[in-house]
Amino acid sequence: MTTRRKFLARSAFSALGLAFGNVACGNTSTGRSRETDTIDTPIVPTVLSTWKNFAANEAAWQVVSQGGRALDAVEQGVRVVEADPEDMSVGYGGRPDRDGHVTLDACIMDEHGNCGSVCFLENIKHPISVARLVMEKTPHVILAGEGALQFALENGFQKENLLTEKAKEEWEAWKVTSEYKPVINIESHDTIGMLAIDQQGQLSGACTTSGMAYKMRGRVGDSPIIGAGMYVDNEIGGAVATGLGEAVLKTLGSFLIVELMRQGMSPQQACEETVHRITRKQKGFEDFQVGFLALNKKGETGAYGIQPGFSYVLYQNGENKALEAGSEL
Ligand code: SD4
């Protein structure tokens, strides 16, 4: 097992550019050799997540720093937010749909390109762990609604009431006017998307949410859709999205970012180009938020949103830092 001392030594080597990945892949059909770059790619263990989820990053870094797998890191990281009743966009304490039901979406993807997802799942506190089991125990990628719940219960998850008093009170206040405006509140949303690189240089990603507050019953956003809310290609990098899911779905934003990085863009350029794609093609973007984070194999990161105020947390070289993304407006 890798010890912490080994990890620190390795991190020091990484900082000096002396630890290298050993992924060797052929040239792409475009003649570019982006994948072959990874032969000489220094390993920079990293955890990157949306909004100000310090504790989630910390939990993920614990796994990475002990030599664990990036997949375990992202699962453990986002579980912190799923269990937190104060975060009203994820898991327990999430805002309900317009009928008062908390319905959850989540997905996860590993370094081999395996992925699992649940959507429209009710009464289970940790949808990310159910998504992981869909990936590992079934031949499928997505389970939805009743079927996802049945699968979770069969696998030992407990049914719980996820609607907190605070979320219920807010929903009841909303019902007085019940203005149904399918736009995400620009100021307050905290869906967590997380990407990690472990000490072996492997990449994984996770995304989990209770979705848009007071959505129509049955509405599913981008977060559980592989390539929309999250995508990872271990040869290139990964991306996650937050904000108005409908806008992300129409652009398949996370997949697009990874493909733009494959073609040679930096994570920052890829995030900006993907936000431009939304603002060029989608009407009304002035009134909603979408934010993307990207991480490439070298540990370089990118972040960009439509609106100002998109914050994120980056854990690298032993430091957990809050940062603010640039924006289109
Ligand atoms: C959704 N993208 O369901 C999610 C919401 C979100 O921060 O990201 N909120 O549309």
Any donor-acceptor pair under 3.5 Å from [X] side chain to [Y] backbone:
{"X": "D105", "Y": "F120", "value": "yes"}
{"X": "K168", "Y": "R95", "value": "no"}
{"X": "Q289", "Y": "I306", "value": "yes"}
{"X": "K166", "Y": "P85", "value": "no"}
{"X": "S89", "Y": "D190", "value": "yes"}
{"X": "D110", "Y": "G113", "value": "yes"}
{"X": "E82", "Y": "I128", "value": "yes"}
{"X": "D233", "Y": "G237", "value": "no"}
{"X": "S210", "Y": "L104", "value": "no"}
{"X": "D198", "Y": "A70", "value": "yes"}

Which pair of non-hydrogen atoms, one from [X] and one from [Y], has the smallest distance, and what is that distance?
{"X": "C107", "Y": "S117", "answer": "CB-CB, 3.8 Å"}
{"X": "L153", "Y": "K159", "answer": "CD2-N, 4.0 Å"}
{"X": "C271", "Y": "L293", "answer": "SG-C, 4.0 Å"}

>> Taking side chain to side chain donor-acceptor pair (under 3.5 Å) as the cut-off, I'd like each qualifying pair that reaches into residues 320-329, sequence neighbours left out, listed once.
In response: N57-N320, H276-E328, T279-E328, Y304-E328
>> Which residues pass the side chain to side chain contact (heavy atoms under 4.5 Å, CB included) test with T251, not counting sequence neighbours?
In response: L256, T274, R277, I278, Q282
> Got a sec, which residues hit side chain to side chain contact (heavy atoms under 4.5 Å, CB included) with A325, two or more places apart in sequence or on another chain?
Replying inline: A303, F310, Y312
Would a 4.5 Å heavy-atom cut-off, applied to side chains only, mark [X] and [Y] as touching?
{"X": "V130", "Y": "L133", "answer": "no"}
{"X": "E111", "Y": "R69", "answer": "yes"}
{"X": "L295", "Y": "L203", "answer": "yes"}

> Which residue pairs pass the salt bridge (Lys or Arg N to Asp or Glu O under 4.0 Å) test with at least one member in residues 117-129, sequence neighbours excluded?
Replying inline: E122-R217, K125-E160
> salt bridge (charged side-chain N to carboxylate O under 4.0 Å, His left out) between R219 and E246: does it pass, once the steps are laid out?
Replying inline: CA-CA 10 Å; R219 180 265 188 188; E246 282 70 8; 2.8 Å; yes
>> Could you go through N296 and E300, starting from their C-alpha distance and side-chain angles, then the distance that decides it, and tell me whether this counts as side-chain hydrogen bond (donor to acceptor under 3.5 Å, both in side chains)?
In response: CA-CA 5 Å; N296 71 12; E300 296 166 339; 2.6 Å; yes
[atom1] of [X]: more than 12 outside heavy atoms within 6.0 angstrom?
{"X": "Q158", "atom1": "CD", "value": "no"}
{"X": "K281", "atom1": "NZ", "value": "no"}
{"X": "E136", "atom1": "CD", "value": "yes"}

> Who pairs with F255 by ring-ring contact (aromatic ring centres under 6.0 Å, His included), at least two apart in sequence or on another chain?
Replying inline: Y231
> With sequence neighbours excluded, what pairs up with F292 under the ring-ring contact (aromatic ring centres under 6.0 Å, His included) test?
Replying inline: none
> Step by step, would you call S129 with R79 a side-chain hydrogen bond (donor to acceptor under 3.5 Å, both in side chains)?
Replying inline: CA-CA 8 Å; S129 297; R79 278 176 64 101; 2.7 Å; yes
> Passes side chain to side chain contact (heavy atoms under 4.5 Å, CB included), I108 versus E75? Steps please.
Replying inline: CA-CA 8 Å; I108 195 160; E75 182 189 6; 4.1 Å; yes
